[in-house]
Amino acid sequence: MRILFLSAANSIHTVRWVNAFAENGHEVHLAYNSDHAPQANNINKRVVQHKLKYSGFLAYYLNSKEMKTLFKKVSPQIVNAHYASGYGTLARISKLKPLILSVWGSDVYDFPYQSKIKMKILKRNLCFADKIASTSNCMAKKVKEILGAKSVDIAITPFGVDLKKFQKGKKKDSLDFITIGNVKALNPLYGISDLIISIRLLKDNLEKENMQNVSDRIRLFIYGEGNQKDELIELTKKYNLQNSITFKGKIPNSEVPKALKQFDIFCATSIKESFGVALVEAMAMSLPVVATDAEGFKEVVVDEITGIIVEKENPVSIANGLKRLVLNEELRRKMGEEGRIRVEEYYNWTNNVDTMERLYDGIISAQ
């Protein structure tokens, strides 16, 4: 089929979707605002890229004339706009049909609550689409809440992992450390400061219980960059954790499996999440997880089976969850194995792409 994507080419989510359909033999076109150009040469060469003239928020309106011309030229059988508040606006203004609108997270959790005008824009975009797609049930529920229509049929299209790339391997650490890891942007939304404080509490608790040897073995690796980095480094110094915490910097998605092989436990401390790709990746590697009770995380993690759900913005709760896994190697192994099973059942990327492909076929057939 001939598919036109409207999405940011500098997002790994976009790259994975367009590459998957190109690899499956479809004719794939990708249109994006000029400030969303790919940052690396990671888009399949078979994907036809269309860099639109304008950038910034107004580009979703200013690029509509060029988008209409491109639409006539490409004549796609289906259009998939990713991110309802931005590219959803461009698709609506350009009158692109048939349209599947994929919601991502902040476009429905944050954008519409910033002003009445933005709420109106989002509702118009959602109502214009022939079909709405969501990576999670909790985000689909949020969309229904916005539309005030519980009966709206929203397709669930999980964003899973390549099980050949993400699979358990021998831990790449010859020293006898218990390594806790996190892979996330260093921004307040992801609660990394709570994670750092929880490590201090965890070590203090172990030492009070005469387990200094266990406390000394704990390491936290933090992968990512963001506007909170300097603050987090200072917090690490404040709690005298320089020997226990290492900031590893940002890595490309292709390097994530290698990073995860260093971990014994994955800990995600977000305040808000619409899904949980990082958790899915960790579980695919047979890692037990400690995750906050953000909506998206609770959908991915089965509490007490594949991991431990703890209270968000609560370092004491996070520390207690980590302590259980730090002190119980058998529990780590069991939860890790259950996590892999869950990913194989629900978040196998090949199956996820097939689900989206069937959705496309259904919309095309209905025209």
Side-chain angles (χ1 to χ4, degrees), residues 161 163 165-184 190-192 194-207 209 211-224 236 239 241-249 251 255-270 276-292 297 300-310 315 317-344:
V161 298
L163 294 178
K165 295 179 180 178
F166 288 85
Q167 55 182 314
K168 185 178 180 180
K170 186 176 180 181
K171 184 183 176 185
K172 294 189 175 181
D173 187 347
S174 59
L175 299 177
D176 190 27
F177 291 133
I178 301 173
T179 305
I180 299 163
N182 180 281
V183 183
K184 208 69 179 178
Y190 301 120
I192 309 299
D194 295 329
L195 176 55
I196 291 171
I197 295 170
S198 75
I199 296 298
R200 180 69 274 165
L201 294 173
L202 172 62
K203 289 173 66 66
D204 289 346
N205 288 340
L206 291 170
E207 290 163 16
E209 296 176 20
M211 288 186 278
Q212 181 73 50
N213 62 321
V214 178
S215 175
D216 289 343
R217 292 167 59 204
I218 291 174
R219 294 291 183 272
L220 172 62
F221 288 173
I222 298 173
Y223 282 88
T236 299
Y239 287 106
L241 290 167
Q242 300 95 312
N243 293 330
S244 300
I245 298 177
T246 304
F247 290 86
K248 294 283 194 173
I251 54 173
E255 293 295 315
V256 171
K258 181 179 178 181
L260 292 175
K261 285 181 181 179
Q262 303 171 88
F263 303 167
D264 296 288
I265 303 165
F266 190 91
C267 187
T269 50
S270 299
V277 176
L279 285 178
V280 172
E281 292 173 341
M283 288 161 59
M285 301 285 290
S286 298
L287 286 173
V289 300
V290 172
T292 49
F297 287 169
V300 170
V301 179
V302 181
D303 190 26
E304 298 297 330
I305 302 297
T306 68
I308 300 172
I309 296 293
V310 296
S317 180
I318 297 167
N320 289 339
L322 288 171
K323 183 180 178 182
R324 287 180 57 198
L325 289 175
V326 164
L327 295 178
N328 193 331
E329 186 175 356
E330 176 59 22
L331 183 61
R332 296 201 302 266
R333 183 196 63 77
K334 186 175 181 180
M335 285 187 169
E337 290 178 353
E338 290 292 339
R340 174 71 186 193
I341 292 170
R342 181 164 174 80
V343 172
E344 289 174 348

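Here the structure is a predicted model, which is why all the values come from computation and not from measurement.
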All side-chain contact (heavy atoms from CB on, under 4.5 Å) counterparts of Ser244, not counting sequence neighbours: Lys203, Leu241
Would you be so kind as to tabulate the donor-acceptor pairs closer than 3.5 Å made by side chains of residues 334-343, with sequence neighbours excluded?
{"from": "Glu337", "atom 1": "OE1", "to": "Arg333", "atom 2": "NH1", "distance (Å)": "2.9"}
{"from": "Glu337", "atom 1": "OE2", "to": "Arg333", "atom 2": "NH1", "distance (Å)": "2.7"}
{"from": "Arg340", "atom 1": "NE", "to": "Glu344", "atom 2": "OE2", "distance (Å)": "3.0"}
{"from": "Arg340", "atom 1": "NH1", "to": "Phe166", "atom 2": "O", "distance (Å)": "2.5"}
{"from": "Arg340", "atom 1": "NH1", "to": "Ala284", "atom 2": "O", "distance (Å)": "2.7"}
{"from": "Arg342", "atom 1": "NE", "to": "Val300", "atom 2": "O", "distance (Å)": "2.6"}
{"from": "Arg342", "atom 1": "NH2", "to": "Glu299", "atom 2": "O", "distance (Å)": "2.8"}

Listed partners of Glu255 passing salt bridge (charged side-chain N to carboxylate O under 4.0 Å, His left out), at least two apart: none
Check: Glu281 and Leu287 side chains under 4.5 Å, non-hydrogen atoms: no
Aromatic ring pairing Phe263/Phe266, orientation class (parallel under 30°, perpendicular over 60°, tilted between): tilted
CG (Asn243) with more than 12 external heavy atoms under 6.0 Å: no
Student check: side-chain heavy atoms of Phe297 and Thr292 closer than 4.5 Å: yes
Glu304: partners by salt bridge (charged side-chain N to carboxylate O under 4.0 Å, His left out), with sequence neighbours left out: Arg324
Donor-acceptor side-chain pairing of Gln212 and Asp216 below 3.5 angstrom: yes
Check: Phe221 main-chain N/O paired with Thr246 side-chain donor or acceptor under 3.5 Å: no
Sequence-distant partners of Arg217, salt bridge (charged side-chain N to carboxylate O under 4.0 Å, His left out), two or more places apart: Asp176
Any donor-acceptor pair under 3.5 Å from Arg332 side chain to Leu325 backbone: yes
For Val289 against Ala282, the heavy-atom pair lying closest together: CG1-CB, 4.2 Å
Within-4.5 Å side-chain heavy-atom neighbours: Thr236 and Phe247: yes
Point-to-point distance, once rounded to the nearest 0.5 Å, from NZ of Lys258 to CE of Met285: 12.0 Å
Sequence-distant partners of Asp204, salt bridge (charged side-chain N to carboxylate O under 4.0 Å, His left out), two or more places apart: Arg200
Nearest heavy atoms of Ala259 and Ile251, plus distance in Å: CB-CD1, 3.7 Å
Validation row: Ile180, Ile218 side chains within 4.5 angstrom (heavy atoms): yes
Nearest-0.5 Å distance, SG of residue Cys267 to CD1 of residue Ile192: 8.5 Å
Test log, rule side chain to side chain contact (heavy atoms under 4.5 Å, CB included), inputs Asn182 and Tyr223: CA-CA 6 Å; Asn182 180 281; Tyr223 282 88; over 6 Å; no
Nearest atoms (heavy-atom pairs only) where Val310 meets Gly321: CG1-CA, 4.1 Å
For Leu195 against Ser198, the heavy-atom pair lying closest together: O-OG, 2.6 Å
Note, Ile196 side chain near Ile222 side chain (heavy atom, < 4.5 Å): yes
Flag, side chain of Glu209 to backbone of Leu206, donor-acceptor distance under 3.5 Å: no
Donor-acceptor contact present, side-chain Asp194 to main-chain Pro315, <3.5 Å: no
Nearest-0.5 Å distance that lies between atom CG in Leu202 and atom OG in Ser215: 7.0 Å
Close side-chain approach of Lys323 and Leu327, heavy atoms under 4.5 Å: yes
Donor-acceptor pair, side chain of Asp264 and main chain of Thr179, under 3.5 angstrom: yes
Leu201 to Ala319 - nearest heavy-atom pair and separation: CB-CB, 3.9 Å
Minimum heavy-atom distance Ala278-Val183, with the two atoms named: CB-O, 4.0 Å
